[in-house]
Protein chains: 2
Amino acid sequence: MPKLKPEEIENRRREIIEAARACFLRNGFHQTTTDEICHEAAITPGGLYHYFGSKEEIISAVIEDTTRATVADLTATAEASGDMRSAVQALSSLFFEWARNPEIDNITRLHVEIWAETLRNEKLAEITRGSRAMRRQWLESLIQKAKSEGVYSEQVDPRGLADLTMAIFDGLRLGRLLWKDDFDVDGALQSLLLMQTGRLTNGANVTVDQKEARSAGGARAR
Amino acid sequence: MPKLKPEEIENRRREIIEAARACFLRNGFHQTTTDEICHEAAITPGGLYHYFGSKEEIISAVIEDTTRATVADLTATAEASGDMRSAVQALSSLFFEWARNPEIDNITRLHVEIWAETLRNEKLAEITRGSRAMRRQWLESLIQKAKSEGVYSEQVDPRGLADLTMAIFDGLRLGRLLWKDDFDVDGALQSLLLMQTGRLTNGANVTVDQKEARSAGGARAR
């Protein structure tokens with residue numbers, strides 16, 4: 001490798017990550033070859049391997065880079081808001097916007113492949129768990145701050161609400177990808193709005209409390 | 001194949017499906033071989049192929065059989081309730097119980113593998129979409145009935161609420177499987193209860209309305 005300054009190395013590494021991300025989003029994890037990544041990044045295979053030892057290392061770098069960028073985006077959105085209430089509103093808007101954005105399907109497609117891969121690849125599993133933990137911690141501390149400013153009620157557990165929010169988002173984007181026309185994302189989001197504002201049901205006793213739910217028995221999970 | 005009566009053929013088919021389900025849940029979709037299924041079902045490979053032409057046909061039969069059984073279970077739960085309000089309560093209890101049940105992880109593991117497989121296998125995709133549509137239609141018509149009895153508010157779109165409910169369930173079970181100790185299922189369910197009963201936030205203006213969410217722009221989905 002020709003002698004490069006540290007910032008040139010960093011720039012080249014970044015270009016490869018961007019090129020790899022484009023390839024993975026276009027063709028998925030398994031279909032993408034390192035040759036394609038080389039072509040997209042305009043680098044030789046020899047050159048690529050100075051930066052990354054394997055396709056697995058590349059996808060790990062893409063995941064880490066994406067997570068950092070996402071958290072930076074979310075932080076900027078929150079900080080552009082005057083107070084925690086408007087920060088939560090702005091982030092809720094982003095949630096709805098992303099859930100409706102067809103572009104998200106390519107990302108979810110890649111994630112489903114990666115999730116399946118993590119079931120048999122512990123190293124990749126650790127990286128995806130680390131990336132997920134970083135996003136969860138960010139959201140948890142935002143909810144904690146919003147709670148301390150009175151946006152959320154006293155009963156709210158910031159950790160639990162962060163987990164729930166991310167689970168709902170994953171369920172929605174999975175629904176759009178997998179079930180296509182059988183999944184009505186706008187209808188689901190409208191129900192989510194009703195749910196968040198307590199307007200789903202008539203009367204309070206429709207849902208169950210946790211103790212009741214825990215002791216309810218008899219049915220098998222399949 | 002020795003001459004069997006129709007009910008004997010049906011019984012044998014059912015035994016194979018049960019054996020295959022056990023294998024798939026134990027070892028996943030890719031790791032399970034037809035040899036293992038033969039061993040579990042105590043049948044020869046030649047015998048197996050009188051019933052199913054490929055592993056794909058077997059997994060399809062398992063998916064269809066599981067869907068039928070799940071819908072039958074849910075119907076029995078709903079019908080054992082006196083009215084729609086208690087039916088919705090009983091089904092909510094089931095939702096919470098299943099989301100907490102560690103046994104569900106093996107099912108989700110198999111589903112993640114199947115979902116990844118459907119991204120490149122349109123025949124399997126159709127079968128999973130059909131199975132999902134059957135469950136969604138069942139839930140939608142239950143919500144419709146509950147709405148007509150005044151359990152849900154007039155604004156509720158049964159289709160959207162069915163999609164949302166299934167998306168939340170998928171997000172929760174995916175969270176427990178993939179993120180393990182970093183996912184607090186009890187905390188997430190507690191937040192879901194608060195959300196369902198409108199006790200999440202102080203004041204109504206925290207979440208956004210759909211129009212506002214739709215017009216909110218600027219951020220990229222990654």
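Sequence lines set the chain letters: A, B, ... in the order given, protein chains first and strands last, and positions in each chain run from 1. The structure presented is a predicted model; accordingly, all values stated were derived computationally and were not measured.
What you find for A:R176 and A:F183 is that their closest heavy atoms are N-CD2, 3.5 Å. A:A78 and A:W138 make their closest contact through CB-CZ2, 4.4 Å (heavy atoms, listed as atom of the first residue, atom of the second, distance).
Note: A:L192 leads A:L192, A:D170, A:L177 in heavy-atom pairs under 4.5 Å with chain B. Note on B:D184, B:D182, B:L161: by heavy-atom pairs under 4.5 Å with chain A, the leading option is B:D182. Ranked by non-hydrogen atom pairs under 4.5 Å with chain A, the options B:A162, B:A76, B:A146, B:A133 are led by B:A133. Considering only heavy-atom pairs separated by less than 4.5 Å from chain A, the leading option among B:R109, B:K147, B:R173, B:E113 is B:R109. For the set A:G28, A:G150, A:G175, the count of heavy-atom pairs under 4.5 angstrom toward chain B peaks at A:G150. Contact tally against chain B (heavy-atom pairs below 4.5 Å) for A:G198, A:S153, A:A116: the top residue is A:S153.
A salt bridge links B:R14 with B:E10: at least one charged nitrogen is closer than 4.0 Å to a carboxylate oxygen.
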- Working for side-chain hydrogen bond (donor to acceptor under 3.5 Å, both in side chains), residues A:E36 and A:N27: CA-CA 10 Å; A:E36 278 176 275; A:N27 301 320; 2.7 Å; yes
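Proximity to chain B (any heavy atom under 4.5 Å) is restricted, for A:R120, to the side chain, taken from C-beta onward. Contact annotation for A:R129: both backbone and side-chain heavy atoms come within less than 4.5 Å of a heavy atom of chain B. Contact annotation for A:T165: neither backbone nor side-chain heavy atoms come within less than 4.5 Å of a heavy atom of chain B. Proximity to chain B involves both the backbone and the side chain of A:L200, based on heavy atoms less than 4.5 angstrom apart. For B:L174, the part lying near chain A is the side chain, with the backbone staying farther off; criterion is any non-hydrogen pair under 4.5 Å. Of the atoms belonging to A:R136, it is side-chain heavy atoms, and not backbone ones, that fall under 4.5 Å from chain B. For a residue to count as touching a neighbouring chain, one of its non-hydrogen atoms must lie under 4.5 Å from one of that chain's; by this rule A:D181 touches chain B with the backbone only. Looking at B:L194, only its side chain comes within 4.5 Å of chain A, counting heavy atoms on both sides.
Atom CG of B:L193 is separated from atom CZ of B:R199 by 7.0 Å, given to the nearest 0.5 angstrom.
Counting only N and O atoms by type, the side chains of A:T70 and A:R135 include no donor and acceptor under 3.5 Å apart.
Contact check for A:L142 versus A:M84: side-chain heavy atoms found under the 4.5 Å cut-off. Here the side chains of A:V88 and A:Y152 are in contact, with some heavy-atom distance below 4.5 Å.
Heavy atoms of other residues, nucleotides or ligands lying less than 6.0 angstrom from CD of B:Q31 number 12 at most.
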